[in-house]
Student: 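Encoded as structure tokens, here's the structure I'll be asking about.
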Amino acid sequence: MKLLFSICGLLVASLLQAQVMIVPKPAECRSTDGGVFDFGASTALRVECAELSRGAAIFAGQVGAILGFEPAVKIGKAARKSVNIALDPSLKPEEYIMDVTGRSIDIVGGSAKGTFHALQSLRQMLIPFKGMKRAAAQSVHVKDAPFFAYRGMMLDVCRHFRTVDEVKEFIDLLSLHKLNVFHWHLTDDQGWRMPVDRYPLLTQVGSQRAETVVGHARDSKTYDGKPYGKGFYYTKDQIREVIAYAAARNIEVIPEVEMPGHAMAALAAYPWLGCRGEGYRTATTWGIFDDVFCAGKESTFELLENVLAEVIELFPAKYVHIGGDECPKARWKECPLCQKRIKDNNLADEHQLQSYFIRRIEKFVNSRGKSIIGWEEILEGGVSGTATVMAWKRPQAGIEAAKLGNSVIMAPSKFCYFDYYQSENQAAEPFAIGGFVPVSKVYQVDPYAELNSEERKTIIGLQANLWMEYIPTMDKVEYMVLPRMAALAESGWSYDRRDYSDFLTRMQNLRKLYDACGYNYAKHIFQE
Ligand SMILES: [Zn+2]
């Protein structure tokens, strides 16, 4: 007993000296002299209304996995020795205030989103010493809200599939870092993973490829000879399950259906969708392919609109991402139907045909009450004023789009491509596509660079992308996104209060939570 007291005494003493370390950096976070809250098996989570109990239950499960007990969730009045959770409509939806004292932990949020963010901050404060089934939280006043409204990450499940459970784990990572958009890349040349009732071959045929390139696609002619992808697609029920799982964690799921390029898997399923009309197979290597959706055929638009109608029915998000990137024009140049479309519509060239394609699809999506996001190539040949542009490749693309007045999401590859190497010593790293994006680089991403105050209003936020050509396992997913996701989160949530050396200090604490969760994170910033 004496030993326990002295351990607890040490714990309390160390807490009183320590700074509260939360990532991403809160807007306001100051230590107070209210003592230390003892978080133990008898601590209850008291929510003011049923609406808040879902987030509280998720938090109970999260701390339960680490502390070895799950705090009870009760609906009712605030009490001592409890985490009291309530709404304050005067706050913005994602905003929260948290006061920790020796008496209680009091949380108010502008909505269930705000209170959930508060609990994620609290989670970072409740990391126990090894083997102890309790934790102590130091008294603190936190007032916090995100800078950017859109803070996202994309996961490509086409090149390598991820199961529903793995997708949920990815969503867990997002919510821990207070990101709020999961961009789900569901169709590409190497696999179509989105279920469409009306066109069953899209998944039955398009989910599978005969084999997969070995080594870097740039210089490899070796294939593994192993069929890939049988059964690797989602059912609509599974997608609903993921959407609900994400929603419970404040995350909106934006689906992406690629067009007019990156269409090989769809062409393999329904060859009439292509300009040549035959001879397609799901891609077995990575890259950009000349065979794309034929822009001259009415039947192409009919299928894509029917696909989008099912996507729109399934996903509640206001956006549908329609791709629009990397569409070679070689087939369109040779295709009489595509050429006729150009002539009939007085288009100057194939770039304007791409613009025609995107505008037509956008009109359909808009007619169903939704808006499109497209990769920056939708700027080529002209873009409508209502499309949201996701800038990724050319440094100037996002700036151009902002100057046009389009809404912009910044996802510049130089800062936000998490499939790139994290070290210049590539030999010591797991095999990757190339590039070099260390944590410090992610931290430097500036969505407002070169924009005046008027143009800045068009920037709705930022996103990082995880392309999966060279990422076949969940273990490697974790390695590629952690801790870069923390730097992204801080750029999005705490843009106006960033401080890299302070971030590195706070990461020492978040790292303990990564360890407690058993995540396979990259260690570079912890060895500097
Ligand atoms: Zn064509």
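A quick note: this is a predicted structure, and the numbers were derived from the prediction, not measured. Order of listing sets the numbers, starting from 1, for every ligand and every atom in it. Position 1 is the first residue of the sequence, and the numbers go up from there.
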Student: For the aromatic rings, using the six-membered ring if either is Trp, is the centroid distance between Tyr270 and Tyr199 under 6.0 Å?
Tutor: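 Yes, the ring of Tyr270 comes within the 6.0 Å limit of the ring of Tyr199, centre to centre.
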Student: Could Arg368 and Glu313 be called an ion pair, given the rule that one side-chain N must be under 4.0 Å from one carboxylate O?
Tutor: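 Not counted as a salt bridge, because no side-chain N and carboxylate O are separated by less than 4.0 Å.
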Student: Please output the side-chain donor-acceptor pairs of residues 223-231 that fall under 3.5 Å, not counting sequence neighbours, one pair per line with the distance.
Tutor:
{"from": "Asp224", "atom 1": "OD1", "to": "Thr212", "atom 2": "N", "distance (Å)": "3.0"}
{"from": "Asp224", "atom 1": "OD1", "to": "Lys226", "atom 2": "N", "distance (Å)": "3.0"}
{"from": "Tyr228", "atom 1": "OH", "to": "Phe161", "atom 2": "N", "distance (Å)": "2.8"}

Student: Strictly under 6.0 Å, is that where the ring centroids of Trp286 and His160 end up?
Tutor: yes
Student: Below 2.8 Å, which protein N, O or S atoms neighbour the Zn ion (ligand 1), ignoring water?
Tutor: Cys275 SG, Cys294 SG, Cys335 SG, Cys338 SG
Student: Would a line drawn from the ring center of Tyr495 to the ring center of Tyr448 be shorter than 6.0 Å?
Tutor: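 That pair passes the under 6.0 Å test.
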Student: Check whether NZ of the Lys or CZ of the Arg Arg162 lies under 6.0 Å from the centre of the six-membered ring of Phe170 and within 45 degrees of that ring's axis.
Tutor: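 Relative to the ring axis of Phe170, which defines the angle, Arg162 lies outside at least one limit.
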